[in-house]
Amino acid sequence: MSEVSTVKSRASVMMYNNEKKAWEPAEGVRGMSHVQVYHHEGNNTFRIVGRSMTDHQVVVINCSIIRNMKYNAATPTFHQWRDQRQVYGLNFHSKDDAAQFKDAVDEALDTL
Ligand SMILES: CC(=O)N[C@@H](Cc1ccccc1Cl)C(=O)N1CCC[C@]12C=C[C@@H]1CC[C@@H](C(=O)N3CCC[C@@H]4C=C[C@H]5CC[C@@H](C(=O)O)N5C(=O)[C@H]43)N1C2=O
């Protein structure tokens with residue numbers, strides 16, 4: 001069973017550096033990425049995958065959407081969430097990109 005992408009938005013992927021108390025671009029990428037929500041229908045799991053726009057081979061972010069995850073739309077174009085290891089941030093290209101992405105994440109959270 002393959003995975004189905006439910007949204008594709010443009011955003012720059014950031015990670016929060018807890019030591020430096022600052023946001024940094026995700027590993028190996030500068031600038032915009034395509035961020036997608038993938039649904040694995042077989043086991044009803046979801047993950048957020050980001051690939052660099054300049055080189056789609058570079059996976060910039062790949063993390064599960066877990067039940068009851070708090071997805072925070074801090075501003076209309078900056079959304080963030082955390083897992084045990086770190087805090088992720090998406091600085092979207094536009095409010096539409098952000099809104100579409102949030103809808104897909106909310107939909108995933110509703111079905112988990
Ligand atoms: C309870 C909890 O976990 N709270 C978390 C948030 C959260 C809540 C609920 C569920 C999950 C999470 Cl994750 C929390 O508050 N966190 C997570 C780590 C960082 C932060 C802590 C302090 C700083 C203060 C300012 C604020 C911040 O980071 N921004 C303000 C809003 C947009 C603003 C936009 C863009 C980014 C691009 C660079 C920097 C800039 O614009 O130059 N910046 C910003 O400055 C951005 N912070 C945070 O978000």
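Start at 1 and go down the list; that is how both ligands and their atoms are numbered.
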Considering heavy atoms of the protein only, find what lies nearest to [atom] and give residue, atom and distance to 0.1 Å.
{"atom": "atom 6 (C) of ligand 1", "answer": "Gln80 OE1, 3.2 Å"}
{"atom": "atom 23 (C) of ligand 1", "answer": "Tyr16 OH, 4.7 Å"}
{"atom": "atom 33 (C) of ligand 1", "answer": "Phe78 CD2, 4.1 Å"}

Point to revise | Val35-Met32 co-clustered via ILVMFWY side chain contacts under 4.5 Å | key: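 They do not share one cluster, since no chain of ILVMFWY contacts under 4.5 Å joins Val35 to Met32.
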Check your understanding: Are Ile48 and Val7 in one and the same hydrophobic cluster, where Ile, Leu, Val, Met, Phe, Trp and Tyr link if side-chain heavy atoms are under 4.5 Å apart?
Key ->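 Result: yes, single cluster for both.
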Are the side chain of [X] and the backbone of [Y] linked by a donor-acceptor contact shorter than 3.5 Å?
{"X": "Asn44", "Y": "Thr111", "answer": "yes"}
{"X": "Arg51", "Y": "His34", "answer": "no"}
{"X": "Ser64", "Y": "Ile66", "answer": "no"}

[atom]: any protein heavy atom closer than 4.0 Å:
{"atom": "atom 30 (C) of ligand 1", "result": "no"}
{"atom": "atom 17 (C) of ligand 1", "result": "yes"}
{"atom": "atom 47 (N) of ligand 1", "result": "no"}
{"atom": "atom 21 (C) of ligand 1", "result": "no"}
{"atom": "atom 43 (N) of ligand 1", "result": "yes"}
{"atom": "atom 26 (C) of ligand 1", "result": "no"}
{"atom": "atom 35 (C) of ligand 1", "result": "yes"}

Exercise for review: Kindly compute the distance separating CG (Asn62) from CZ (Arg47), expressed to the nearest 0.5 Å.
Suggested key: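 It is 4.5 Å, given to the nearest 0.5 Å.
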Could you list which atoms of ligand 1 come closer than 4.0 Å to a heavy atom of [X]?
{"X": "Val87", "answer": "13 (Cl), 17 (C), 18 (C)"}
{"X": "Lys70", "answer": "10 (C), 11 (C)"}
{"X": "Thr75", "answer": "32 (C)"}
{"X": "Ala74", "answer": "31 (C), 32 (C)"}

Point to revise | Set of ring pair (Phe, Tyr, Trp, His ring centres under 6.0 Å) partners for Phe101, sequence neighbours left out | key: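 With sequence neighbours excluded, Phe101 shows a ring pair (Phe, Tyr, Trp, His ring centres under 6.0 Å) to Phe92, given in chain and number order.
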Practice item. Check Gln36, His39, His40 against Glu3 for a side chain to side chain contact (heavy atoms under 4.5 Å, CB included) and give me the one that passes. Key: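 Filter result, single survivor: His40.
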Review point. Should one rank Tyr71, Trp23, Tyr88 by closest heavy-atom distance to atom 39 (C) of ligand 1, which comes out on top?
Key: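 Checking each option, the heavy atom nearest atom 39 (C) of ligand 1 is found in Trp23.
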Point to revise | Nearest option to atom 1 (C) of ligand 1, as decided by whichever heavy atom of Glu24, Arg82, Lys21 sits closest | key: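 Heavy atom nearest to atom 1 (C) of ligand 1 belongs to Arg82.
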Check your understanding: Which heavy atom in Ser52 sits nearest to a heavy atom in Ser33, and how many Å separate them?
Key ->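 Answer, listing the atom of Ser52 first, then Ser33: CA-OG, 3.9 Å.
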Check your understanding: Between the side chains of Asp96 and Ser94, does any donor sit under 3.5 Å from an acceptor?
Key ->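 There is no such pair (donor and acceptor under 3.5 Å, judged by atom type) between the side chains of Asp96 and Ser94.
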